[in-house]
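Working notes, beginning with the structure itself.
Values below: all heavy atoms of this structure, side chains included; hydrogens, waters and symmetry mates excluded.
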Amino acid sequence: MKKERNIYSKIALLLGFILALSVGCEREVSDDVEFAAFGNNPDVFIDGFSGGLEYLPFAGSKLDAFTVDSDESYQGDSSMRFDVPNEGDPSGSFAGAIFPDNGGRDLTGYDALTFWAKATKAATINEIGFGNDFGANKFLVTKQNLRISTTWTKYIIPIPDPFKLTVEKGLFWYSEGPEDGDGYTFWIDELQFENLGTVAQPQPAIFNGVDETSQTFIGITSTVIGLTQTFNLATGIDQTVTAAPSYFTFSSTDVDVARVNELGEIAVVGTGTAKITATLGGVSAKGSLTIESLGTFLAAPTPPARDAGDVISIFSDAYTNVPVDFYNGFFAPFQTTLGGADLNINGDNIIKYTELNFVASEFKNPTVDATPMTHLHVDIQVQEAIDSGDFIRIELGDFGPNSAFGGGDDSSGSVTIDGTALLNNQWVSLDIPLDDFSGLTSRSNLAQIFFISDATISTILVDNMYFYR
Amino acid sequence: MKKGKQLKLKVQLLSYKMVLLTIVLLIGYGCDTDDTQTVVTFTELTFQEEFDTDGTPSTATWNYDIGTGLDGWGNQELQYYTDRPENITVNNGVLIITANQEDFNGAGYTSARITTKDIFEQQYGRFEARIRAPFGPGLWPAFWMLGANSDEVVWPACGEIDIMEIRGQNPSILVGSVHGPGYSAGEAISKDYDLVNDRFDTGFHVFGIEWGPKYVNYYVDDVLYSQITPEDVTGEWIFDDQPFYIILNVAVGGTFPGPPNADTRFPQTMLVDYVRAYK
């Protein structure tokens with residue numbers, strides 16, 4: 001029975017204390033004793049700055065937005081006053097500052113930063129929290145969009161994992177801009193760390209609690225995003241804060257494929273699949289990232305600079321694309337092809353098709369007049385062994401004067417690329433004269449580009465699909 | 001509300017602790033005799049369910065209430081009660097009642113409710129259970145009692161003693177009540193107890209009553225927080241007439257807590273370590 005042990009240990013403590021008082025002998029502290037090096041003062045601002053506290057406004061903010069107000073307080077004789085500027089205020093476009101104690105404090109005995117606040121009007125503070133020290137911000141915590149009202153109300157910002165805060169410098173920070181262009185004033189009082197005992201039921205999350213999948217290549221790095229910690233408060237509401245990566249312990253199911261460090265930085269180091277997960281304070285975080293590393297990636301050759309009038313781009317990062325309805329129409333019931341324009345490798349957008357039999361990109365809103373153009377360019381990378389008899393047929397479809405599919409005025413033509421002209425895991429750049437698309441009687445209302453393999457080739461990457469002259 | 005009486009007296013589970021606390025009380029409260037109450041201590045065990053056998057709680061000890069009752073068991077509750085292990089099971093010495101969010105026979109939630117009706121019924125005595133509550137808006141765990149004639153007369157004529165009720169949105173607030181003719185539902189005679197700096201869903205707590213002629217004393221852990229007597233009720237005192245039986249359940253929604261919302265996490269579990277009665 002835990003309860004009784006507690007009682008007895010308290011009695012023992014009391015008795016020990018009495019004995020100690022009675023005996024009263026003085027001794028040197030043993031060499032084994034290590035004193036905590038950092039104070040654990042919970043006060044940030046009660047009726048004035050707590051010991052060691054500093055005020056450091058953000059660059060670009062209204063530097064004098066913060067003042068100590070002795071006319072307004074929730075308790076005691078003063079409060080923190082924040083004057084959020086109007087839009088266009090020459091003294092600064094927003095109010096924002098950090099309040100560090102650069103001596104560092106041991107906050108492991110508390111479970112939340114709490115304060116009372118009120119404002120001249122109901123408002124939403126963009127960001128407010130602690131852990132910002134103008135340094136590594138290793139244990140940054142941010143409550144986004146905190147709603148405040150015109151009456152003094154207590155707010156609770158939970159600590160994601162107090163055990164991490166053995167030497168925390170960033171005791172408080174905030175950043176707030178005008179509301180609909182208008183400035184206003186809010187006050188904060190009794191700002192302190194507390195051990196409420198009612199901050200419970202943690203539910204950490206990464207990737208905002210979603211199980212995500214990403215196809216990538218060796219050498220590509222990314223970062224775990226959407227890091228939050230949620231607690232249920234005594235009021236019954238869930239309070240969610242954004243938590244810095246260092247609160248989490250990340251892991252990868254296969255470190256030969258992807259590694260993740262304590263800052264949540266993911267490095268892809270091999271080919272295969274690895275799942276990135278995390279825990280916070282021993283609780284598994286919701287959400288994950290499954291990385292499918294396709295191996296080494298080389299981008300397709302960058303297209304040359306061209307005048308806008310010399311190119312009609314359907315898919316490229318080098319030119320401005322015309323409006324495209326889709327890069328995969330998922331034409332039922334015969335199409336098996338999956339995928340589309342959903343790869344982005346360091347800003348390079350790439351189309352990936354799997355289970356290819358045929359697939360169309362469509363650009364009929366409006367249709368494209370490629371009459372002045374002479375060639376179709378496309379880069380294709382086949383991501384599998386190419387067998388004899390494999391092919392990709394490229395077909396162009398013109399919707400005719402009615403600019404709509406059907407109606408008896410459509411025409412189409414195709415060019416077949418033999419497998420021998422393609423390469424496994426390497427880009428092949430094709431420049432096909434538009435006159436080679438026999439059967440295409442007009443290209444003044446082009447609306448479709450098909451890739452057809454009849455399942456001879458199932459996985460391809462496509463980039464830089466455009467007409468030019 | 002008799003705030004002055006709160007915290008003044010301690011009910012002890014074991015006698016040696018009582019001596020200790022008596023001393024504490026003497027020191028702490030000295031001659032403040034105005035708040036003294038008589039606490040009857042019942043020590044002869046008459047019912048004991050320790051939930052020591054894994055699996056479904058035995059029908060030799062418990063009845064299962066199944067379905068949605070009439071109008072959500074009289075309270076517009078949203079759950080469908082089942083006897084499936086998904087909703088009720090014993091594991092590692094603990095009864096687990098699980099409220100799930102799922103479509104089931106027209107209801108949006110499932111849970112469980114068990115009673116000792118016609119199996120164990122007793123007038124007067126001490127009734128206590130060690131419980132960890134579920135949490136979240138709309139959750140409504142309860143450890144309570146109804147008069148044995150609950151099927152023969154229309155509620156609240158049978159009487160109801162709520163030893164523990166918690167609104168999931170108030171995880172630190174325990175509610176202890178009696179219901180009877182003229183003082184039922186929203187008009188019940190009730191008292192809240194705030195577990196300051198702690199919550200009922202993060203650890204086990206002992207919830208109990210000591211019930212005797214013309215009184216029901218409510219305690220949680222070692223704190224007696226309420227006494228309800230005929231003077232307190234705004235109608236006929238009906239708790240000296242018949243034996244009562246025990247009920248354990250987790251409701252979802254209903255008039256007491258209101259509906260669950262987007263913050264409510266499912267599944268939710270109520271853990272019961274034991275239920276004991278003494279006379």
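- The environment of B:Lys279 atom NZ is sparse: at most 12 non-hydrogen atoms of other residues, nucleotides or ligands sit within 6.0 angstrom.
- Atom NZ of A:Lys286 has 12 or fewer heavy atoms from other residues, nucleotides or ligands within 6.0 Å.
- Looking at every heavy atom in both residues, A:Ala234 comes nearest to B:Ser172 through CB-OG, 4.1 Å.
- No more than 12 heavy atoms of other residues, nucleotides or ligands shown are found within 6.0 angstrom of NZ on A:Lys275.
- Here A:Leu233 is the residue among A:Ile237, A:Leu233, A:Asn195 with the most heavy-atom pairs under 4.5 Å with chain B.
- Annotation for A:Thr198 and B:Arg199: closest pair O-NH1, 2.8 Å, computed over non-hydrogen atoms.
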Evaluation steps, side-chain contact (heavy atoms from CB on, under 4.5 Å), between A:Gln201 and B:Asp201
CA-CA 9 Å; A:Gln201 309 291 1; B:Asp201 60 329; 2.8 Å; yes

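- Residue A:Gln144 places its CD atom among more than 12 non-hydrogen atoms of other residues, nucleotides or ligands, all under 6.0 Å distant.
- For the residue pair A:Asn232 and B:Arg265, no side-chain donor N or O sits within less than 3.5 Å of a side-chain acceptor on the partner.
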